[in-house]
Amino acid sequence: MKKLFIVANWKANKTVQSTNEWFDQFAIPSDLSPDKTVIICPPFHLLPIVNMRIREKQLSVSIGAQTVSMFPEGAYTGEIAATQIKEMAEYVIIGHSERRKNFSETDEILVKKVAMAKQAGLKIIYCVPDAQTMIPEGVDIVAYEPIAAIGSGHPDTPENADAVAKTINNKGITSVLYGGSTTAENVHQYTEKESVNGVLVGGASLKPLEFSSMIIQA
Ligand code: PGA
């Protein structure tokens, strides 16, 4: 079986209480294929509690942050540096289209973020809205997320996602995920495609039972 990444992007959702409720319900089968890597990316303030719950339930689940500062530790009020994230996460999402749009993150800024994350030893999940968007050096995984498909209930077709993944493969990136309105019902249509190595899941990952089911169906 090929390697698959099933990544939960919680965005700016959940409190400590609702995170605890999520973990009370979330489960993954003990005989889950080792080829499936599950990653949960909560907002920063929940990283410690997500760490704790994963350890407590002995889940084979990795943790990621949703962005990283382009600066090192220091006088940068409100920022979280890569070295600080590294204490609690193995992965970081960089370049999500919501960051590009709402926080004016340009290619230039994203290159700096990738460099900081890389230096700290974080694995980078880099989001692009199409096959033409620049991908900085040092990225480990790319997530293809067409803007119109995000949170809309109108996912891209599995055929097109596969074609875009192939184009990105040709740029030297071996792991390409699809993201945008994936659900437990449609996830397998993407993961069964030759060049799609998993999914980046927003809305559906907020529901513990649906996300559990996505991991099994993928
Ligand atoms: P969605 O979000 O699954 O809610 O469409 C995906 C994403 O933005 O990563």
Side-chain angles (χ1 to χ4, degrees), residues 4-14 18-19 22 26 36-44 46-47 50 61-68 85 89-105 110 113-114 117 122-131 133 135 139-162 164-165 168 173 175-193 195-218:
L4 285 179
F5 294 89
I6 301 110
V7 186
N9 175 12
W10 284 0
K11 310 190 180 185
N13 290 291
K14 297 201 184 294
S18 58
T19 297
W22 191 94
F26 177 69
K36 290 184 181 176
T37 301
V38 179
I39 307 170
I40 299 177
C41 304
F44 288 127
L46 298 173
L47 285 170
V50 166
V61 170
S62 300
I63 300 178
Q66 298 172 13
T67 182
V68 60
I85 292 172
E90 186 181 347
Y91 293 85
V92 61
I93 298 172
I94 297 179
H96 193 281
S97 63
E98 287 154 12
R99 301 285 320 171
R100 294 176 191 261
K101 176 170 162 252
N102 300 316
F103 303 94
S104 309
E105 292 190 356
L110 295 171
K113 291 189 173 215
V114 166
L122 288 162
K123 293 180 193 150
I124 300 157
I125 304 169
Y126 195 78
C127 300
V128 295
D130 52 49
T133 298
I135 299 168
V139 161
D140 301 281
I141 299 166
V142 164
Y144 159 57
E145 297 205 310
I147 291 166
I150 297 176
S152 63
H154 301 292
D156 197 353
T157 62
E159 291 68 31
N160 195 55
D162 192 43
V164 172
I168 296 172
I173 305 285
S175 299
V176 181
L177 320 185
Y178 167 72
S181 298
T182 52
T183 60
E185 209 173 301
N186 69 19
V187 66
H188 190 69
Q189 296 170 25
Y190 296 91
T191 53
E192 74 177 357
K193 290 290 176 209
S195 299
V196 176
N197 278 97
V199 282
L200 179 53
V201 189
S205 75
L206 298 174
K207 302 175 213 144
L209 298 182
E210 173 147 25
F211 191 59
S212 300
S213 156
M214 285 182 88
I215 293 165
I216 297 164
Q217 303 298 327

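We count ligands from 1, going down the list as the structure has it; atoms in each ligand are counted the same way.
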**Message:** Looking at ligand 1, is there an atom of it that comes within less than 4.0 Å of some heavy atom belonging to Ser181?
**Reply:** yes
**Message:** Between Tyr178 (side chain only) and Thr157 (backbone N and O only), is there a donor and an acceptor less than 3.5 Å apart?
**Reply:** no
**Item:** Any donor-acceptor N/O pair, Asn13 side chain to Gly202 backbone, under 3.5 Å
**Value:** no
**Request:** Check the angle between the aromatic planes of Phe5 and Tyr91 and answer parallel, tilted or perpendicular using the 30° and 60° thresholds.
**Result:** perpendicular
**Asked** Would you say the side-chain atoms of Gln217 pair up with the backbone N or O of Glu185, donor to acceptor, closer than 3.5 Å?
**Response** no
**Prompt:** Under 3.5 Å between some N or O of ligand 1 and some N or O of Gly202?
**Reply:** yes
**Request:** Using distance alone, determine whether Gly203 and ligand 1 share an N or O pair under 3.5 Å.
**Result:** yes
**Message:** If the cut-off is 4.0 Å to any non-hydrogen atom of His96, which atoms of ligand 1 fall inside it?
**Reply:** 7 (C), 8 (O), 9 (O)
**Prompt:** For ligand 1, is Gly151 a contact, meaning one of its heavy atoms is under 4.0 Å away?
**Reply:** yes
**Request:** Under 4.0 Å from a heavy atom of Leu200: give me the atoms of ligand 1 that qualify, with their elements.
**Result:** 6 (C), 9 (O)
**Asked** Between the main-chain N or O of Ala184 and the side-chain N or O of Glu210, is there a donor-acceptor pair closer than 3.5 Å?
**Response** yes
**Asked** What atoms of ligand 1 come closer than 4.0 angstrom to any heavy atom of Ala149?
**Response** 5 (O)
**Asked** In ligand 1, which numbered atoms sit nearer than 4.0 Å to a non-hydrogen atom of Asn9?
**Response** 9 (O)
**Request:** Output the list of atoms in ligand 1 that are nearer than 4.0 Å to some heavy atom of Gly180, sorted by atom number.
**Result:** 5 (O)
**Message:** Using a 4.0 Å cutoff against the non-hydrogen atoms of Glu145, which atoms of ligand 1 qualify?
**Reply:** 6 (C), 7 (C), 8 (O), 9 (O)
**Asked** Can you list the atoms of ligand 1 that are under 4.0 Å from a heavy atom of Ile150?
**Response** 2 (O), 5 (O), 8 (O)
**Message:** Between Lys36 and Ala218 (side chain of the first, backbone of the second, donor and acceptor by atom type, cut-off under 3.5 Å), is there such a pair?
**Reply:** yes
**Item:** Side chain Lys123, main chain Glu90, donor-acceptor under 3.5 Å
**Value:** no
**Request:** Could you go through the side-chain contact (heavy atoms from CB on, under 4.5 Å) check for Trp22 and Ile40 one step at a time?
**Result:** CA-CA 12 Å; Trp22 191 94; Ile40 299 177; 3.6 Å; yes
